[in-house]
Protein chains: 2
Amino acid sequence: MTNQSTYGKIVSVAEKFVRTRGYNGFSYADVAAEVGVSKASLHHHFATKPDLGLELIRNFTKNVSDVLEEIDYSNQKHLTKLREYARMYEGSFHENKMCLCGMLAAEHESLSDPMRKATIAFFEGHEVWLEKVLIAGKEAGELQFNGPAIDQARLIVANLQGALLVAKAAHSLPRITAVASNLIESYRVKEIA
Amino acid sequence: MTNQSTYGKIVSVAEKFVRTRGYNGFSYADVAAEVGVSKASLHHHFATKPDLGLELIRNFTKNVSDVLEEIDYSNQKHLTKLREYARMYEGSFHENKMCLCGMLAAEHESLSDPMRKATIAFFEGHEVWLEKVLIAGKEAGELQFNGPAIDQARLIVANLQGALLVAKAAHSLPRITAVASNLIESYRVKEIA
DNA sequence: AAACGTTCACTAACTAGTAGGTAGGTAAAC
DNA sequence: GTTTACCTACCTACTAGTTAGTGAACGTTT
């Protein structure tokens, strides 16, 4: 991080602040101090706080999309893909950070309109990705579930966001791991006893 | 609300602010203006913001506990009890509010120590309540699930908190109803086909 | 019953500090 | 010679919290 551009440092420091303290929980002065530049320099790169916030969402969405794409092209079993999806949240827990967009969803009443829209789009992207995995997995006979795949996709997103929310606050590892594995394994095709 | 004491008005106005904007998203001035008293009057009732915050958690926890107790004594089927639990979150969605403690969990890094502890205790209370319902329901042959009941209890809490988080931000009714019903119905004992 | 002291609920006017944002400038790079 | 990346110094509005006080309600003492 030290050999990043100032722009990049601002983004990663601000992202950390949002994911730990929330959008209303940090100031330009906080970011400036940690990056080691003046407050005015932040305004040079991001005219206003909502401008910075929007860039954080775009950057985060891009980074996560790249991971989803990697999972897509890994040619693993579909259940493994779901497990890897859940692992992202477990990783977030171990860094003691919320999902950026999970945090912003909670605060969405205080966000600018572009930030709100970008936050919703983040979730929709995940749901569409999961829906595809679920459908492909069912067709391949690797996954089982009842009802529309989109409902299951939403259930997975809701479950992992909620598990991260509660587990992080309670500093409770089992709250994220047990929830994640219970959820994902429920899609595994059971052998007839 | 108009014929409440000032104390009561402060609590209900502040609760609304936390549940919509977050703990860091409102000020004493905001509350004072909406209640129609001076800022100093708020400090008379609650010396500091963390004092007010702690009272909000206690009040909220008490109100929700009362609902859980009512459900307990209603002598309904255990699946119905789970449905009623989920209905609380759907109610919250319709008021366009987060769960108070769900919001505070996201912001828990900015909270006082007593607030943090009270927030965690809120979730533990729910998990214990759900665990009892799940165990009793399984013994009565009304509910089915694999593994420890506490894991399922945590899964339910995580799922509903997450569903509320995402659904509220996206103003999306199906995100909460579909998730809630899919989750709860999965505990129903299935007839052998 | 009148006077007293205390408590309660509240106020206007203040403090010190912080919020996001701006004005105007420097110095190096393209 | 304009653009980029930064700076110091500053602004206004707002933050939580304090001070010193008012007036009504209360029980107690005389």
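Everything quoted here is computed from the prediction, not taken from an experiment. Chain A is the first sequence line, chain B the second, and so forth, proteins listed ahead of strands; every chain is numbered from 1. FYI, side chains are in, hydrogens and waters are out, and symmetry mates aren't considered; it's all heavy atoms of this structure.
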Quiz item: Run the ring-ring contact (aromatic ring centres under 6.0 Å, His included) check on B:Tyr187 and B:His78 step by step: do they pass?
Solution: CA-CA 10 Å; B:Tyr187 294 102; B:His78 293 91; over 10 Å; no
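Taking the six-membered ring where the residue is Trp, A:Tyr7 and A:Phe46 present tilted rings, their angle falling between 30° and 60°. Between B:His171 and A:His108, the ring-plane angle classifies as perpendicular under the 30° and 60° cut-offs.
Remark: A:Asp72 does not engage A:Lys132 in a salt bridge, criterion side-chain N to carboxylate O under 4.0 Å.
Taking a heavy-atom distance under 4.0 Å as the criterion, the stretch of DNA chain C touched by chain B extends 5' to 3' from C:dA9 to C:dA12.
Side chain of B:Glu107 to backbone of B:Asn24: a donor-acceptor contact under 3.5 angstrom is found.
More than 12 heavy-atom neighbours from other residues, nucleotides or ligands sit within 6.0 angstrom of CG on B:Asp66.
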Exercise. Summarise how protein sits on nucleotides 2-17 of chain D as a single string, 5' to 3': B when a protein heavy atom is under 4.0 Å from the base, S for sugar-phosphate-only contact, - for no contact.
Key: ---BBBB------SBB
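Counting only heavy atoms from C-beta outward, the side chains of B:Glu15 and B:Leu56 approach each other to under 4.5 Å.
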